[in-house]
Asks: 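I'd like to ask you about the structure that follows.
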There are 2 protein chains.
Amino acid sequence: MHKGKITIHDISKELGIDSSTVSRALNNSPRVSKKTKEKISAKAKELGYQRNSLASKLRTNKTHTIGVIIPRISRHFFASAIAGIEETAYDAGYDVIICQSLDSYEREQKLIETLLANRVDGIIISISMETTNYNHLDRYKANGFPMIFFDRPCETEKNTNVIIDDFQASFEVTEHLIFNGYKNIVHFSGPQTNLLYQNRCKGYKAALKKHKYPIRKEYIIESKLMEEDGIENAKKALNLPNVDAIYSANDMAAISAMQYLKSQNIKIPEQIAFAGFSNEPVSAVIEPSLTTVNQPSFEMGKVATNILFDQLNNNTRENKTTILEPTLIIRNSSSKTNNN
Amino acid sequence: MHKGKITIHDISKELGIDSSTVSRALNNSPRVSKKTKEKISAKAKELGYQRNSLASKLRTNKTHTIGVIIPRISRHFFASAIAGIEETAYDAGYDVIICQSLDSYEREQKLIETLLANRVDGIIISISMETTNYNHLDRYKANGFPMIFFDRPCETEKNTNVIIDDFQASFEVTEHLIFNGYKNIVHFSGPQTNLLYQNRCKGYKAALKKHKYPIRKEYIIESKLMEEDGIENAKKALNLPNVDAIYSANDMAAISAMQYLKSQNIKIPEQIAFAGFSNEPVSAVIEPSLTTVNQPSFEMGKVATNILFDQLNNNTRENKTTILEPTLIIRNSSSKTNNN
DNA sequence: TATTAAAATACAATCGATTGTATTTTTGAA
DNA sequence: TTCAAAAATACAATCGATTGTATTTTAATA
C-alpha cells in the first residue's frame, strides 16, 4: 500500500458523491444530510482515510499550529512552560511545534525560517543567549505574524513580552542574603546583551546600594551560566577577598559551583552561602538545599499562549508587557543557622 | 501586509519569467541559467519571498520531517536522545517535530493522528507507559510509514527497536548490590505491561537466583515510578522486614524515596542502600550520590535516526532490534564503606 | 397538481509549488 | 549562412482539500 493513499476523491468515486460533499461531510457541515454524512464517514473508516493536513492548511491559509522556540527543552523551567503552552493550545485545537535553539543565534534564525515556511499561525519564543540583533525576528513580525516573547524579553521597541519581575526577584534574593549577614556577595551574571540578565544584575546592585554596600565590578562574574561556567566562576570567586556568598543568575551554575566548592572542602553556607535562580528540581535535592527563585513557568506558558490567541482571534498586535510574580524560596544554602 | 503574501507567481509576474522557472531557480536547478537565477533570487530577496513549505510538501509528497513521540521532554534521558535525533536529522536536512505523550495512551493516539495528518516521513517513538495495545501504531505502519521504537520496545511481532540491554544492566545492578553485602533487596518496578520494565525486573530476579537469594513477590513493588510513587514505595518498603537495599527501575522514584527516608533519619547506605536507573543529572548531586545505570541516550537517538533514514532511503522496512550497551555507574549510595 | 422555497449535492476554481513536456533561444559545427 | 544539438524557458497538469456558485432534489404550500 502506498503512503496516505486515500483521499476524499477516492471516497468520492467509491460512493459516487462529489468530493466537495465528502469534504463538507467530514467537516460536519450543515450543508450535508445526515444520511450522506454517515455513508461517507463509514466509507472513510473502511478505506482508512486520513486527512491530509498539508492540503487543508494550504487551501485555508490557516495551520492551527503555533511554533515554540526555546533555548533547551531539558531545563525544567522551559519544560514546564511548554506544558502550559501545550495545555492551552490543545484546548483551543492548536498543535504545537517545539524547537530548541540551544542558545545559538544561527540555529534560532534557521528555526524561524522553518516555522515561517511551515506557516505557523504564531510564535512563542524565548530568545537565545547569543541573540543580540533582531533582524530575523523583525522580518517575521513585519509579515504581521504574532510573536510573543517570554522569559527573555525582546528589547526592541514594540513587542509583546511575558516576563517575571527579574529586577525585583533579584533584589529580594540579594537582600535576603544581606539580611542573613552576608556582606561580600559575588554575582554570577549571564550575557549582558540579554535584558533578563541585565535586570537580574540591576536588582543585585540595587540591593547592595540600598544597604550601602559597595558595588565591585570584580564581584560580578559574567558567563553563559552553563555547568562548566559554574566551576570556572567558583574558582574566580575563590580568588577574590572575603567572599562569603554567591548569588548565581541561574541554578545550573550555582549547583556546579557548589559541587566544586564542596569538593574543595569549603563549607556551605558557613564559609560561602549560595542562592540561585529558577528553582530547578535539583536545587531542592542538593545539600545544602539551594535558596532560589521560583518562576511561575507553567502559568507563563499559559499566559503567553492566551495572549497569542487573543491577537490571532481579534487580529490585533498589541505590545503589552505582562509581568508575573516570582517567589523567593528560602532553603538551607543561605542561612548561617539552621542547616540540616 | 498580508500573511506570507509573496509567492513564486509574484516573482514571476514582476520579472516576466514563468513561475516554473522561478521555482527551478530557487531550487538551484541546472535547467536555469546563472543570469536568470541571479535575477530571481535578487527579486525574491527584495520582495521578502518565503517559500511555502506546505505547498511544496503537498506537491512532492515528501515532508522531510520526522516526528518524535516521547513520554516527556523534561527527562534527561529523553532530552538527550532528542539531541541525538536532531543532530542526525538536521545534518540530513530533515526537520524534527517533538511531541510528548505524557505517558498517556489517549494523547499518544492523538499525536500519531496529527503526525499522520501532517505526513511526516517517519516516526521515532518511545511508547507511553499506559500503552498496552498497538492498534494505533499498526494502522500507521500498515500505511508503510517507517516507525522506529526506542528505549521502550514494541512487543508485537515485527518492529524496529533500538533499546539497551535492560535485562543485563538490571542484572549487573542487582549483583553489584549483592556483592556489596546487601541481602534483602527491594525492587521498585514499573508497569509490567511494558517490556522494558519486565526486562529490568527479570534481570533483578536472575541476579537473586544466581546467588541463591529468595525471590519474594512482596519485595517487588510496582508503580508508575513518578516522584510521588517513590515516596509511597519507600513507605511500603519500610514495612517489609529486613530490607537493606532498594533498587529502583528509574532514578526519579529512587531520588524521592531517598529524600523521604532521609527525612525519616534513615541512613543511606548504612541502613538502606540505593540504586537507580537512567543516570538523571540529579543522581550525581544527591547525597549520597546515587548508583545508577547510564544509558547511551544521545547515541540511541542517533542510531534510531540513522536506521530510520536507511529505511527511508532504501525503502525497506526491516525489523531488527538494535541493542546498545548501558554502563553501571557506581556511586556512594550502594557501598557500606567509602561514603564521603 | 403546480409552484416555490429550502435542502442537498455537484461544478469548478483555488491555495503555492513542482515537474514532465513542449517550445523557443542560443550555441557551435558544417 | 544553415542547421542540428543543446540550453533555456514556457506551458500546463498536478498534489488534496476547501469553498463560492450553480444545479438538482426534496419538501412544503397553495
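Nothing here was measured: the structure is a model prediction, and the numbers come from that model.
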Asks: So A:Leu54, base contact, sugar-phosphate only, or nothing? Heavy-atom distance under 4.0 Å.
Replies: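 Here A:Leu54 touches no strand at all.
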Asks: What is the distance from CD1 of A:Ile6 to C1' of D:dA17, rounded to the nearest Å?
Replies: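 My rounded result for the distance is 15 Å.
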Asks: Roughly how many Å is it from CG in B:Asn118 to P in D:dG16, rounded to a whole number?
Replies: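 One finds 15 Å between P of D:dG16 and CG of B:Asn118, rounded.
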Asks: For B:Ile8 and D:dT9, give me the distance from atom CD1 to atom P, rounded to whole Å.
Replies: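 In whole Å, D:dT9 P and B:Ile8 CD1 are 15 Å from each other.
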Asks: Within this structure, what is the CG-to-P distance between B:Asp18 and C:dT19, rounded to whole angstrom?
Replies: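 Nearest whole value for this atom pair: 15 Å.
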Asks: Go through residues 22-36 of chain B and report each residue with a non-hydrogen atom lying under 4.0 Å from DNA chain C, sorted by number.
Replies: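 Here the set is B:Ser23, B:Arg24, B:Asn27, B:Arg31.
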Asks: Using every non-hydrogen atom in the two residues, find where A:Ile124 and A:Ile66 come nearest and quote the distance to one decimal.
Replies: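 Heavy-atom minimum between the residues: CD1-CD1, 4.2 Å.
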Asks: Separation of A:Ile40 atom CD1 from C:dA8 atom P, in whole Å?
Replies: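 That distance rounds to 13 Å.
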Asks: Can you tell me how far the CZ atom of A:Arg152 sits from the CD1 atom of A:Ile70, to the nearest 0.5 Å?
Replies: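 One finds 10.0 Å between CZ of A:Arg152 and CD1 of A:Ile70.
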Asks: Round to the nearest Å and state the distance from B:Lys13 atom NZ to C:dG16 atom P.
Replies: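 Result: 10 Å.
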Asks: Output yes when a side-chain donor or acceptor of A:Asn314 lies under 3.5 Å from a complementary backbone atom of A:Thr316, and no otherwise.
Replies: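 It does not hold such a pair.
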Asks: What is the distance, to the nearest angstrom, from the CG atom on B:Asn61 to the P atom on D:dG16?
Replies: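 In whole Å, D:dG16 P lies 7 Å from B:Asn61 CG.
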Asks: Looking at every non-hydrogen atom in both residues, tell me the closest pair between A:Thr131 and A:Glu108 and how far apart they are.
Replies: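 Closest approach of A:Thr131 to A:Glu108: OG1-OE2, 2.8 Å.
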Asks: Closest-nucleotide mapping onto DNA chain D: is B:Leu58 or A:Thr21 further toward the 5' terminus? I mean the 5' end.
Replies: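 Closer to the 5' end of DNA chain D: B:Leu58.
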Asks: Would you mind telling me which residue lines up with the more 5' stretch of DNA chain C, A:Gly16 or B:His9, judged by nearest nucleotide?
Replies: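 This one resolves to A:Gly16.
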Asks: Return the value, rounded to whole Å, for the distance between atom CD1 of A:Ile17 and atom C1' of C:dC11.
Replies: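 Going from CD1 in A:Ile17 over to C1' in C:dC11 covers 15 Å.
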Asks: Report yes if a donor N or O on one partner sits less than 3.5 Å from an acceptor N or O on the other, where the partners are the side chain of A:Ser20 and the base of C:dC11; otherwise report no.
Replies: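 Such a pair is found, so the answer is yes.
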Asks: May I ask you to decide whether A:Lys35 forms a salt bridge with A:Glu38, counting only side-chain N to carboxylate O separations under 4.0 Å?
Replies: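 No, this pair does not count.
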Asks: Name all pairs fulfilling the side chain to side chain donor-acceptor pair (under 3.5 Å) condition that reach into residues 22-34 of chain B, sequence neighbours left out, sorted by first residue then second.
Replies: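 Sorted pair list: B:Asn27-B:Arg51, B:Asn28-B:Lys37, B:Ser33-B:Thr36.
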Asks: Can you classify the ring geometry of A:Phe309 versus A:Tyr94 as parallel (below 30°), tilted (30 to 60°) or perpendicular (above 60°)?
Replies: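 The arrangement is tilted - the two ring planes meet at 30° to 60°.
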